Structures are given as C-alpha cells and as structure tokens.
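Not measured: the values here are computed from a predicted model. Chain A is the first sequence line, chain B the second, and so forth, proteins listed ahead of strands; every chain is numbered from 1. These values consider heavy atoms only, across backbone and side chains, with no hydrogens, waters or symmetry-generated copies.
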2 protein chains.
Amino acid sequence: MQTTNTTEQQIIEAARKIFMQRGLSGARMQDIADEAGINKAMLHYYYRSKDKLFEIVFAEAVQMLLGRVNAIFAGDMPWKEKIVAAIDNYITSISENPYLPLFVLHEINQNPERMVQQFLHGPLFPNLRAFMMELAEESAKGNIRKVDPLQLMISIISMCVFPFVAKPLLTGVFQMDSARFSAFMEERKSFVSSFVLNALEP
Amino acid sequence: MQTTNTTEQQIIEAARKIFMQRGLSGARMQDIADEAGINKAMLHYYYRSKDKLFEIVFAEAVQMLLGRVNAIFAGDMPWKEKIVAAIDNYITSISENPYLPLFVLHEINQNPERMVQQFLHGPLFPNLRAFMMELAEESAKGNIRKVDPLQLMISIISMCVFPFVAKPLLTGVFQMDSARFSAFMEERKSFVSSFVLNALEP
DNA sequence: GTCTATAACATGATAGAC
DNA sequence: GTCTATCATGTTATAGAC
C-alpha cells in the first residue's frame, strides 16, 4: 500500500472499497467519487469508464487471492511444516482482507470469461503443483495415508477460505459476535493444521 | 417442484433463475419477464415490486440451504454413519442446485439485516446442536480425538460447500472441464468422509 | 485538473385500453 | 388478466467553463 495521495491512487482505493463491498452491478460511480472525496467527472477523466475501473480492481484482487495461494507454498521446508505454515499464512492474509474471496468468486460467476485473461498473464501455480507432487511421493512411500493430492489441496483451501466467505451466516447460525469470530479464526489455524496432519497419518 | 403452470409459478421460477444467476442488483425485471415468457407489467401485477419478488426467492433459498443442513443431521444413526450420510447427502443436494450457496452468501453480505428476519421464523438447528453435543461426549469418553465440535462442524460444511462456490476458479486453476468437476465432486463424497473419520481417530 | 450542467440511456413502476 | 405506452427516476458518460 502506497501512502502517495495522488488522485489516481485515491480513486483506485475508493473503487476497491466500493466494488469489493457491492460488486460491479451494485456499485455506483457516485459512491466511488464520494468515497474518494472528489467529483464524479474525475473518475471518467482518469479511468474512462466504470468497466475500465472495475477491470483494474478485479485483476488486482485475483492476483492477491491466487498469487497468495502460490506464494504460501513456496520455500523448501519439510512437507508437514509447509502445511502448517501455509494454513497459518493464508488465514492471516485473508483476515486482513476478508471481503476479497467472496468478491472474486461472485464476479467470476457473473462473467467467467474474465478469468481467461487473468490466466494468460497469471501464474500457473508452480509451487502448488510441486507441493502436490511431493504429497503424491510421500503417499507412495507410505509416509502418509494414500490420498488424492487434489482433493487434499482443495480441502485445505476450503477450510481456510470458506469461513470468511460464510461469515455472516456462521455468526448468525452459531450466535457469534465479530470478536468471537476473530478468535475462532485464530484458533482455527492450529485446528486445521492438526486436523489435516492427523487425517494424513498412515 | 410443482408442475402447475400457473402464471404466479412461472414468474417465481423465472425470478429464481435470474436472481440466482445475477443477484439482486444484477437482475433486470425485463430478464425475468422474458424468462417467464410474459410481459414485464405482469410482474408488478402479481408481486408489486422487484424487492417483494426478491424477498420471496431469497427466503426460499435460505430455507433450502440451511434447512438442508439441519435435516441432514436428523435420524439416530451412530455418529460415524451420521457423518458419512450427512456428507453424501449435502454434496448430492447442492449438486442439484449449485448456484444456491454463492447466491445466498453474496446477498447476505450485501444486506446482513435480511438474515435477522430469516432467523426469527427459521429453525435453530436442533439436530445440528444435538450432533455437536454428541461429538463432545464421544470426545470426553476418548472415543474420538479431542476437538472443538464447532471447528469440526464448520470444517465439514466448508469441505462440502466451498468447491461449488469456487467452481469456476477451481476448474480454471486445475484445468478441469465441467464433466471432470462433477466426477471430482462424486469422488469427494468418500474422500471427505474418510478424511474426517481418519482425523478423528484417537 | 477540477468543477457544474446536462445529455443519453436504462430501469422500475404505473396508467389505461382491451 | 394481459397488453402497450409512458412516466419518473437513477445512472453512466460527456461537454464546456474555469
């Protein structure tokens, strides 16, 4: 995050906030202008159209969400430590931006073609693939229970991300307030780690 | 699902389809009218306003999503069988309506107050709470590893629901087509069951 | 670069004939 | 009940003064 308060930056930050909360179809250019503390016409002066502005915010969001997944499986720790570190890092990083996953998932569903572009420039998740290969090897060697690495991978991601996506539902159903939810996610780091490692014991 | 093709029903079905795909702010009354094969004015004749129509579709969707969770933990099987059955049932039922979870989650985020109403009339998930109590007991007796039942519960739900919510992302990242994804979710039933039971072994 | 005013269009909702 | 025509409003985008 830059602290340079250039007008372009103010606009992008305002757009990020409004688009993330309300989505493309729910966001109003007036809301973004108000949030940025400038005139509505300025948005068009700097970024031409609502769609152009959205495209920038969305591409950045996809990078944050997916780039993070790959980065988290970087390094060459032993696989157990890698799982623990990845879960810890991912929950921490989403906590800092809890709207991000639902925003991206919703907008992809609205327009799946948008993803195609992202994947052309984007990473092919080399670290993630390497980690899945490693799991397959450990599985073959009998060090861990025989599992489909893809199923395992998606399970780990599900357990980390879904609670954020479903936060208002979960806090409603299980009668948590916001502080209780934060504590729950903090505890969740060690819960998921143990849960996964136990499940993998041969 | 009724087969009575009364106009009211046609409208509700059309509204369900359009709202689920595009959300409240993305849906157009014209789209709903087209989908129902009737005139736009008829929508207002039968349901007064867009908000009224949405309220009906949304309330119904929440019931489908949450009522199902509770129903799935009904019955008095032994807890292991109950876990297996619940996972199997939940994945099957969401497969039949894959847009449902993301729709509900997105709209709750747009307007969390909407949920309050739903919980007043809605169920308090007696079966779910009973099951969590049972887990706590088994945990105390040493029959299963000591775990927080709430963390476990949310993990199970996460692993079943999240792949549907993230379908376009997962199929993109892991290069699956739609058929491959269906097969993946079918295999997932037994994967998640085994995964959870293994993790709970003392 | 920044503002006000306004054009151009989309959309929810209603009036009124049949 | 169903339709066409239209209103009223909201929203993106641009023109033009400063």
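Think of the region where chain A sits on DNA chain C: with heavy atoms and a 4.0 Å cut, that region ends 5' and 3' at C/dG1 to C/dT4.
When rounded to the nearest whole Å, the span between CZ of A/R48 and C1' of D/dT14 equals 11 Å. In this structure, B/N39 places its CG atom 11 Å from P of D/dA5, rounding to the nearest Å. Taking atom NZ on A/K50 and atom C1' on D/dT14, their separation rounds to 17 Å, with Å as the unit. The CD-P distance, from A/Q30 to D/dT9, rounds to 18 Å in whole Å. Rounded to an integer number of Å, the gap from A/L43 CG to D/dT14 P is 12 Å. Between A/Y45 atom OH and D/dA15 atom P the separation is 14 Å, expressed in whole Å.
When the side-chain nitrogen and oxygen atoms of A/H44 are compared with OP1 and OP2 of D/dA13, one or more of them lie within a distance under 4.0 Å. Residue A/R28 places none of its side-chain N or O atoms closer than 4.0 Å to OP1 or OP2 of D/dG10.
What you find for B/V69 and B/L128 is that their closest heavy atoms are CG1-CD1, 3.3 Å.
Using modelled atom types, no side-chain atom of B/N127 and backbone atom of B/A71 make a donor-acceptor pair closer than 3.5 Å.
Side-chain rings of A/F103 and A/Y99 stay apart, their centers remaining 6.0 Å or farther from each other.
Taking the six-membered ring where tryptophan is involved, the planes of A/H106 and B/H106 are essentially parallel, since the angle between them stays under 30° and well short of 60°.
Within the nucleic acid shown, A/A27 comes within 4.0 Å of sugar-phosphate atoms alone, with no base atom in reach, counting heavy atoms only. In this structure, B/Y46 reaches the sugar-phosphate backbone alone: every heavy-atom distance under 4.0 Å involves primed, P, OP1 or OP2 atoms, never a base. Residue B/M42 is classed as a base contact, given a heavy-atom separation below 4.0 Å to a base.
Scored by the ring pair (Phe, Tyr, Trp, His ring centres under 6.0 Å) test, B/F162 finds no partners at all (sequence neighbours excluded).
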### Query
For A/Q9 and A/N5, what are the C-alpha separation, side-chain angles and deciding distance, and is it a side-chain hydrogen bond (donor to acceptor under 3.5 Å, both in side chains)?
CA-CA 6 Å; A/Q9 272 299 324; A/N5 258 2; over 6 Å; no

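By the 6.0 Å contact criterion, NZ on A/K17 is open, its count of non-hydrogen atoms from other residues, nucleotides or ligands being 12 or less.
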